[in-house]
2 protein chains.
Amino acid sequence: MYRIEHREAVDAYIQFHRLERVLPDRLRSHAAVYVFAQGENICVQGEPASTLYVLVKGKIKVFHNSPEGKTLVLSFRTPLEVIGDLEYIGGDAIHNYVEAVTEASMIGISYRALRESGEDHAPLLRFLLEMMVKKLNYRTNHSSLNLMYPVEARFSNYLLSVCCDETDARFRGRLPVANVQDTANLLGTSYRHLNRVIRKLCDEGLIERNKSYIQVLEPERLKRLAGSLGKEG
Amino acid sequence: MYRIEHREAVDAYIQFHRLERVLPDRLRSHAAVYVFAQGENICVQGEPASTLYVLVKGKIKVFHNSPEGKTLVLSFRTPLEVIGDLEYIGGDAIHNYVEAVTEASMIGISYRALRESGEDHAPLLRFLLEMMVKKLNYRTNHSSLNLMYPVEARFSNYLLSVCCDETDARFRGRLPVANVQDTANLLGTSYRHLNRVIRKLCDEGLIERNKSYIQVLEPERLKRLAGSLGKEG
DNA sequence: GGCGGGAAAGGACATATGTCCCGAAAATTA
DNA sequence: TAATTTTCGGGACATATGTCCTTTCCCGCC
């Protein structure tokens, strides 16, 4: 990770995401752009929290390790997203691990600066509220899906969302095999079981598995399997 | 439901819960106390939302009906709790049903009044943030438990929390049988399966089932079953 | 090309949970 | 009280998923 202290860097992202009112001058002077390399840790679960981050570029993964050592992926997130808000408001230690999936840029402001210069700044508070609503809706949705649908449906749904949302055309309809373990954790199941489901879908000809990736063959039939599941938040 | 418009009624609850700064005069003049009878609907999923409620007395149940018609109890809540905050911020229709479990009193303020008189009131925004953090933590915790532990453990945990938290001594250690369906929904399982688990615990002598309630016999052994689950949020 | 060694896939079995349905018990009505 | 309706508990079976362990496969190294 490296920090870009230049005011221009911060301002560029702020303008791009229309955060001028949310982060006024007196806050921006305490902000910096933090650039995390692919795979780098952004937050470590259990450590004290000190910085509020706004994800402005790249893709990150949020996951939680239970006391028993199981890993549960909570979400993959792209801009605009706030990290460290719960801990800022609640005053707790960091709840989850956060890791950069691609190179990721975040605007970071220390809690101390926030408390000194932003505690009463309504646009910032409203922004935090809006982002938190988004987060809560996403989590609620995600967890009720986990409860209501079998892995087969959830995986189909996930595959389709990767297929359709992915902007990089080269990955269109493909899931790199390296991510299967992650996907299992995201779906809240075991690697073994996801594998079983993948094989079944292969046998039925809906997808194809290769050394390096999984390819969607029949999006329509997959959609039927995914059933009435909504799209990923 | 009936409304108490008297300013004194609102003020009494506000003082009791130390909300003087959160709800300043210009907001209080738009507030009223809404009293809901036991079993009455407070919110109806899908309808347009118009009022922000603060639960100040009594106990409410929040639950969601999926498109397939399954009911999932999200939580039972006691003061202090905010209802309608997501919808206020997000501008959506009502997400969940809310029902009074006991007679319940809520301070209600219309969104319109909030927007006109409270949109920039930092203490209110901070209050909403704090309550939403609580909500998010609760939901996250609850749903990861659902994912990680079998019904047997979750039910043991729930029984113990009912047993220990219940202030009414007459119900100490008992769960009215009438609530078994609700409990199943809260635990995210079917009535049938919860029944099976109850029977198993009965056979093992941990609990006793009666026409009208379920009684904890061996809290210590139940605790072991509940394993490492934390307490209910 | 043959040989560890580690990662990925798959087999076998146990458990958890859902669904369908029936029969007993309770409540309601005639 | 008897008949009918409703509720509740539980049997039988199917499915979903976890765990453990074996088998394959790939890869670097000799």
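Distances shown here put every side-chain N or O of Arg154(B) at or beyond 4.0 Å from the OP1 or OP2 atom of dA16(C). Between dG18(C) and Thr189(B), a contact under 4.0 Å exists linking OP1 or OP2 to a side-chain N or O. Proximity of Arg199(B) to the phosphate of dG11(D): a side-chain N or O atom is located under 4.0 Å from OP1 or OP2. When the side-chain nitrogen and oxygen atoms of Ser190(A) are compared with OP1 and OP2 of dG18(D), one or more of them lie within a distance under 4.0 Å.
A donor-acceptor pair under 3.5 Å is absent between the side-chain atoms of Glu152(B) and the main chain of Val197(B), judged by distance alone.
For the side-chain contact (heavy atoms from CB on, under 4.5 Å) with His64(B), the qualifying choice from Asn96(B), Asn185(B), Val73(B), Thr71(B) is Asn96(B), the only one to do so.
Taking the centre and axis of the six-membered ring of Tyr138(B), the NZ or CZ atom of Lys135(B) falls outside the cone set by 45° and 6.0 Å.
The distance from atom CZ of Arg192(B) to atom P of dA16(C) is 15 Å, rounded to the nearest whole Å. For the pair Ile198(A) CD1 and dA16(D) P, the computed distance is 16 Å after rounding to whole Å. Arg196(A) places its CZ atom 8 Å from the C1' atom of dG18(D), with the value rounded to the nearest Å. Between Glu152(B) atom CD and dT17(C) atom P there is a gap of 9 Å when expressed in whole angstrom units. Between His193(B) atom NE2 and dC20(C) atom C1' there is a gap of 17 Å when expressed in whole angstrom units.
When each of Asn195(B) and Lys211(A) is assigned the nucleotide of DNA chain D bearing its nearest heavy atom, the one mapping closer to the 5' terminus is Asn195(B). When each of Leu147(A) and Val180(A) is assigned the nucleotide of DNA chain C with its nearest heavy atom, Val180(A) is the one assigned upstream, toward the 5' end.
Side-chain contact check for Glu68(B) and Tyr149(A): at least one donor-acceptor pair (N or O, by modelled atom type) lies under 3.5 Å.
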